[in-house]
Each structure stands twice: as C-alpha cells, then as structure tokens.
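Accompanying notes for the structure given below.
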Amino acid sequence: VQLQASGGGLVQAGDSVRLSCQVSGTTLDYTAIGWFRQAPGKEREGISAISSSGGRIKYADSVKGRFTISRDSAKNTVFLQMGSLKPEDTAVYYCAADPFGTTSDYIPREKYEYEYWGQGTQVTVSS
C-alpha cells in the first residue's frame, strides 16, 4: 500500500487549499483514511478521517467547520479541502491508511492503528 499526498504550498491567511491523497495497493472501499498534521516541535495530530464505507467522518475541533474530507473511489483518492486557513494551520500534512479488508463505518481512534503513511506535504500559512 502506498499513499502520495500533494497539494500543499505557501498561502495567505484566509485562503483555501485542497490536499489530495492518492492511494494505491488497496481500495478505499476497504480502507479508512486519516489526515494528520505535524507542526515544528509538536506531536502529530489527527485532524480528519473517513471510514471505508465513506459514511462516517470525523474532524478535530481545531478544523471543524473549516476543513472538509471527501473521496473519489473511482480515482482511489481522498481529498482534504481546507478553508479559512490560519497561520496555526502551518504544518506538514500526512495521509494514512488502515486497510482492514472490509467495508465498515469504523474509524481508527489512535495513530498506531494506521498501518501505512504517505510522505507528507507542507502547508505554510502566512499572516
């Protein structure tokens, strides 16, 4: 299983950015996908996730109402639409996969449950 995150860059506060996570080696119908971010000197935090069924979605309080996760099963790609960006959103953003071989509403609760990780894409928000 491989994940390729893309779409990051340098933006201004208030702007929007869409990140993509191209997944290969498994199908999204059997795989929960999470988005995480890690700012310098801070722990990696989960910010959003979508179940393998696509029917259950979670957001961290810090991004709720500003970020939207979605997926295109035909393209095996998960997106993170980020709006109203703030300087504190500056981080390396990672997508991760938990392929458990069935369609489910389950979303992993812990980082360690995600077996595969992408390489990360930098998002820098200037004030």
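- Hydrophobic cluster membership differs between Val1 and Ile107, with clusters built from Ile, Leu, Val, Met, Phe, Trp and Tyr side chains linked at under 4.5 angstrom.
- Atom CD of Glu45 sits in a crowded spot, with more than 12 heavy atoms from other residues, nucleotides or ligands closer than 6.0 Å.
- Thr26 contributes atom OG1, which lies 7.5 Å from atom CG of Asn76 (distance to the nearest 0.5 angstrom).
- Screening residues 94-114 for salt bridge (charged side-chain N to carboxylate O under 4.0 Å, His left out), with sequence neighbours left out, gives no hits.
- Annotation: side-chain hydrogen bond (donor to acceptor under 3.5 Å, both in side chains) contacts of Ser48 (sequence neighbours excluded): none.
- Other members of the hydrophobic cluster containing Tyr106, listed by chain and number, are Phe100; membership follows side-chain contacts under 4.5 Å among ILVMFWY residues, whether direct or relayed.
- In this structure, the side chain of Ser20 does not engage the main chain of Ser6 through any donor-acceptor pair within 3.5 Å.
- Shown here are the ring-ring contact (aromatic ring centres under 6.0 Å, His included) partners of Tyr114, two or more places apart in sequence or in another chain: Phe36.
- Taken together through direct or relayed side-chain contacts under 4.5 Å among Ile, Leu, Val, Met, Phe, Trp and Tyr, Trp35 and Ile57 form part of one hydrophobic cluster.
- A 4.5 Å side-chain heavy-atom check between Ile47 and Leu80 finds at least one atom pair inside the cut-off.
- Considering only residues two or more places apart in sequence or on other chains, Arg56 meets the side-chain hydrogen bond (donor to acceptor under 3.5 Å, both in side chains) condition with none of them.
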Quick one: do Phe79 and Leu19 satisfy side chain to side chain contact (heavy atoms under 4.5 Å, CB included)? Show the steps, please.
CA-CA 6 Å; Phe79 304 100; Leu19 304 184; over 6 Å; no
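- For Gln38, the side-chain contact (heavy atoms from CB on, under 4.5 Å) partners at least two apart in sequence or on another chain are Arg44, Tyr94.
- Scanning for side-chain hydrogen bond (donor to acceptor under 3.5 Å, both in side chains) contacts around Ser51 gives Ser53, with sequence neighbours left out.
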Identify all side-chain donor-acceptor contacts of residues 8-16 below 3.5 Å with residues at least two apart in sequence or on another chain.
residue: Asp15; atom: OD2; partner: Gln12; partner atom: N; Å: 3.0

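- Taking Tyr93 as the reference, Arg37 meet the side-chain hydrogen bond (donor to acceptor under 3.5 Å, both in side chains) condition, with sequence neighbours excluded.
- One distance of note links CG of Leu3 with OG of Ser24; it measures 7.0 Å at 0.5 Å rounding.
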Please step through side chain to side chain contact (heavy atoms under 4.5 Å, CB included) for the pair Tyr59 and Ile69, ending with a clear verdict.
CA-CA 9 Å; Tyr59 296 101; Ile69 191 171; 3.6 Å; yes
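- Contacts classified as side chain to side chain donor-acceptor pair (under 3.5 Å) and involving residues 115-127 (residues at least two apart or in different chains) are given here: Gln122-Thr124.
- Note: Gln4 CD to Thr77 OG1 = 11.0 Å, rounded to the nearest 0.5 Å.
- Not a single side-chain contact (heavy atoms from CB on, under 4.5 Å) links Glu43 to another residue, sequence neighbours left out.
- Ser62 has its side chain out of reach of Glu88: every pair of non-hydrogen atoms, C-beta onward, lies at least 4.5 Å apart.
- Sorted by first and then second residue, the pairs that involve residues 57-84 and meet salt bridge (charged side-chain N to carboxylate O under 4.0 Å, His left out), not counting sequence neighbours, are Asp29-Arg71, Asp61-Lys64, Arg66-Asp89.
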